[in-house]
Amino acid sequence: MKFSKIVRYAKMIVHRHRRMLGIGILAVVLALILMAKHENNVRFVSSDMENAKPRDVWEYVSDFSNVMKLNPTITKFIVTHESTDYKQWNYTVEYEEHLSQIPFVSNKIIGDFVVDKSHSQRAIKSTHRTCFAKIYCLNTKSEMIFMDLSNGTRIVEKIKYECPWLLTRFCMNEVLYQRKAIFKQLQNLFAHTKH
């Protein structure tokens with residue numbers, strides 16, 4: 001077959017399928033844009049919980065069944081692994097939550113928690129792998145520090161999370177919603193309590 005016939009045949013194929021080819025290229029580009037992840041860092045500080053001891057607040061938040069009470073987006077969970085020694089408690093949780101902005105969309109998350117009691121300031125460190133439809137996953141790291149004030153407790157949380165760069169605002173709103181809900185519930189539980 002001559003080269004000119006091959007070129008003519010290729011042009012004919014492209015011409016016949018140009019719409020499908022265009023849609024395919026557009027779909028690939030859109031998927032790449034949506035899949036591109038951006039890492040975000042945020043820091044949250046709770047209101048002061050007067051008269052609450054850091055140990056009491058830390059122990060409450062360390063128990064994931066209480067986290068489910070604090071975070072209204074979590075729908076169910078199961079602890080899949082647990083180990084402890086005198087310095088720290090490690091556990092893994094598989095849990096489901098829905099999006100606060102689109103409640104009918106849910107995701108599955110695997111969270112690994114390290115409840116650290118070896119330092120003067122109590123802390124909870126965690127990593128989370130959030131997956132949508134088992135095909136698209138995002139990672140999050142968190143560290144909650146329970147600060148001892150002269151008259152109570154303050155929580156400082158640092159979060160590093162991945163998000164598709166086109167959905168940065170949406171992801172930030174999700175993080176803000178959850179943190180506001182968690183800190184408000186803790187404030188209601190521990191503020192002005194005598195421990």
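Quick caveat: nothing in here was measured; it's all calculated off a predicted structure. We're numbering straight along the sequence, starting at 1.
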- Looking at OG of Ser47 and CG of Leu186, how far apart are the two atoms once the value is rounded to the nearest 0.5 Å? 10.5 Å
- Task: Give the intermediate values and the outcome of side chain to side chain contact (heavy atoms under 4.5 Å, CB included) for residues Asn40 and Cys171.
- Result: CA-CA 10 Å; Asn40 302 282; Cys171 293; 5.5 Å; no
- Message: Is there a side-chain contact between Arg154 and Ser46 in this structure, where contact means two heavy atoms from C-beta onward sitting under 4.5 Å apart?
- Response: yes
- Does Ile102 CD1 have over 12 foreign heavy atoms under 6.0 Å away? yes
- Task: Classify the ring geometry between Phe113 and Tyr91 as parallel (under 30°), tilted (30 to 60°) or perpendicular (over 60°).
- Result: parallel
- Message: I'd like to know if Val114 and Phe64 are part of one continuous hydrophobic network [Ile/Leu/Val/Met/Phe/Trp/Tyr, side-chain heavy atoms within less than 4.5 Å].
- Response: no
- Task: Write down the atom of Glu82, the atom of Val79, and the distance for their closest heavy-atom approach.
- Result: OE1-CG1, 4.4 Å
- Message: Let me confirm one number: the CD-CG distance from Gln178 to Leu99, rounded to the nearest 0.5 Å.
- Response: 9.0 Å
- Think Lys37 forms a cation-pi with Tyr136, using NZ or CZ under 6.0 Å from the six-ring centre and within 45 degrees of its axis? yes
- Gap separating the CG atom of Leu138 from the CG atom of Leu167, nearest 0.5 angstrom: 9.5 Å
- Query: Which atom pair, heavy atoms only, marks the closest approach of Pro72 to Tyr177?
  - Reply: CG-OH, 3.6 Å
- Message: For the residue pair Ser142 / Glu157, report whether a side-chain donor-acceptor contact shorter than 3.5 Å exists.
- Response: yes
- Task: Taking the side chain as every heavy atom from C-beta outward, state whether Trp58 and Val115 have any pair of such atoms under 4.5 Å apart.
- Result: yes
- Query: Between atom OG1 of Thr140 and atom CD1 of Ile159, what is the distance when rounded to the nearest 0.5 Å?
  - Reply: 8.0 Å
- Determine the minimum heavy-atom distance between Phe170 and Gln101, stating which atoms define it. O-NE2, 3.0 Å
- Item | 4.5 Å side-chain heavy-atom contact, Thr92 and Ile110 | yes
- Please step through side chain to side chain contact (heavy atoms under 4.5 Å, CB included) for the pair Phe146 and Glu59, ending with a clear verdict. CA-CA 10 Å; Phe146 298 78; Glu59 285 179 350; over 6 Å; no
- With a 4.5 Å heavy-atom cut-off, do Lys158 and Asn41 have their side chains touching? no
- Query: Are Val175 and Ile155 grouped together when hydrophobic residues (ILVMFWY) are joined by side-chain heavy atoms under 4.5 angstrom apart?
  - Reply: yes
- Phe77, Val67: one ILVMFWY side-chain cluster at the under-4.5 Å cut-off? yes
- Side-chain donor or acceptor of Thr153 paired with backbone N/O of Ala52 under 3.5 Å: yes
- Message: Working to the nearest 0.5 angstrom, can you tell me the gap between Asp63 CG and Lys69 NZ?
- Response: 7.5 Å
- Message: Which heavy atom of Asp48 sits nearest to which heavy atom of Gln187, and what is that distance?
- Response: O-NE2, 3.2 Å
- Only pairs at least two apart or in different chains count here, so list each disulfide bond (SG atoms under 2.5 Å apart) that has a residue in residues 32-128. none
- Message: In the structure I gave you, are the side-chain heavy atoms of Met147 and Pro54 within less than 4.5 Å of one another anywhere?
- Response: no
- Task: State plainly whether one hydrophobic cluster holds both Ile182 and Phe44, where clusters connect Ile, Leu, Val, Met, Phe, Trp and Tyr through side-chain heavy atoms under 4.5 angstrom apart.
- Result: yes
- Task: Could you tell me which non-hydrogen atom of Val93 sits nearest to which non-hydrogen atom of Thr80, and how far apart they are?
- Result: N-OG1, 4.4 Å
- Message: Grouping I, L, V, M, F, W and Y whenever their side-chain heavy atoms are under 4.5 Å apart, do Leu189 and Val45 come out in a common cluster?
- Response: no
- Item | Separation of Asp116 CG from Lys125 NZ (nearest 0.5 Å) | 6.0 Å
- Task: Could you go through the side chain to side chain contact (heavy atoms under 4.5 Å, CB included) check for Arg122 and Arg55 one step at a time?
- Result: CA-CA 7 Å; Arg122 308 238 175 212; Arg55 180 184 176 130; 3.6 Å; yes
- Do the non-hydrogen side-chain atoms of Gln121 and Asp148 ever get within less than 4.5 Å of each other? no
- Message: Taking Thr75's backbone N and O only, do any of them form a donor-acceptor pair with Glu96's side chain (distance below 3.5 Å, no angle check)?
- Response: no
- Item | Main-chain N/O of Ser100 paired to Glu174 side chain as donor or acceptor, under 3.5 Å | yes
- Query: Can you name the nearest heavy-atom pair linking Met49 to Phe190, along with the distance?
  - Reply: SD-CB, 3.8 Å
